[in-house]
Amino acid sequence: QVQLVESGGGPVQAGGSLRLSCVASGRANGMGWFRQVPGKQREFVASISRSGETAYYADSVKGRFTISRDNAQNAVYLQMTNLRPEDTAVYYCAVRNSLYAHTYASGYNYWGQGTQVTVSS
């Protein structure tokens with residue numbers, strides 16, 4: 001069982017930046033970030049393979065968000081820039097048993113509790 005703890009969320013004005021962090025309690029293979037707003041399904045944001053060589057992004061965040069990882073720390077990060085009000089959501093970190101990145105929530109085995117990001121206009 002891998003436990004995940006996210007941090008770095010909070011309020012920010014449109015155009016601002018935030019960096020989310022997620023630390024796993026053990027070895028983490030493929031890792032990803034998802035987000036969810038009330039009444040909607042959890043949405044893919046970004047994912048990264050264990051090697052860090054492969055990363056995927058949702059079209060809505062390409063060019064603004066960057067996912068990275070530090071395997072020595074069992075950590076994954078999401079650097080978010082040029083934030084928009086529509087980025088407001090609870091952001092979840094996820095880990096999968098596979099080494100590879102994946103864009104579907106069903107492909108992940110472990111989830112964090114989430115961290116709230118609120119972007120005001």
Between [X] (side chain only) and [Y] (backbone N and O only), is there a donor and an acceptor less than 3.5 Å apart?
| X | Y | value |
| --- | --- | --- |
| S47 | H102 | yes |
| Q113 | V5 | no |
| R84 | V119 | no |
| R35 | V117 | no |
| N29 | N97 | yes |
| R64 | M80 | no |
| S49 | T54 | yes |
| R96 | G107 | yes |

* To do: Output, in order, the C-alpha distance, side-chain angles, deciding distance and verdict of side-chain contact (heavy atoms from CB on, under 4.5 Å) for N71 and R50.
  => CA-CA 8 Å; N71 289 340; R50 173 158 178 87; 3.8 Å; yes
* To do: Scan for disulfide (SG to SG under 2.5 Å) pairs involving residues 7-112, sequence neighbours excluded, and state none if there are none.
  =>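 Residue pairs passing disulfide (SG to SG under 2.5 Å), neighbours aside: C22-C93.
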* To do: Provide the full list of disulfide (SG to SG under 2.5 Å) pairs with a residue in residues 53-87, sequence neighbours left out, each pair given once.
  =>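 Found none.
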Could you tabulate the donor-acceptor pairs under 3.5 Å formed by side-chain atoms of residues 9-21, not counting sequence neighbours?
none

* Asked: Rounded to the nearest 0.5 Å, how far apart are CD of E43 and OH of Y91?
  ->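 The distance works out to 8.0 Å.
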* Taking atom OG of S98 and atom CG of N109, what is their separation to the nearest 0.5 Å? ->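 So the OG of S98 and the CG of N109 are separated by 9.0 Å.
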* Answer yes or no: does atom CD of Q116 have more than 12 heavy-atom neighbours from other residues, nucleotides or ligands under 6.0 Å? =>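 Enclosed.
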* Asked: Quick check: are there more than 12 heavy atoms from other residues, nucleotides or ligands sitting under 6.0 Å from OH of Y56?
  ->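 It does not: Y56 OH has 12 such atoms or fewer within range.
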* To do: Check step by step if side-chain contact (heavy atoms from CB on, under 4.5 Å) holds for I67 and V76.
  => CA-CA 7 Å; I67 189 170; V76 64; 3.8 Å; yes
* Asked: What residue pairs, at least two apart or across chains, pass ring-ring contact (aromatic ring centres under 6.0 Å, His included) with a residue in residues 6-36?
  ->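 Every ring-ring contact (aromatic ring centres under 6.0 Å, His included) pair that includes a residue of residues 6-36, provided the two are not neighbours, is F34-F44, F34-Y108, F34-W111.
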* Qualifying ring-ring contact (aromatic ring centres under 6.0 Å, His included) pairs with a residue from residues 58-86, counting only residues at least two apart or across chains ->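 Listed by first then second residue: nothing to list.
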* Asked: Out of curiosity, does Y110 fall in the hydrophobic cluster containing V90 (side-chain heavy atoms, cut-off under 4.5 Å, transitive links)?
  ->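 Not linked; separate clusters.
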* **salt bridge (Lys or Arg N to Asp or Glu O under 4.0 Å) involving E86 - partner list, sequence neighbours excluded** =>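 E86 satisfies salt bridge (Lys or Arg N to Asp or Glu O under 4.0 Å) with no other residue.
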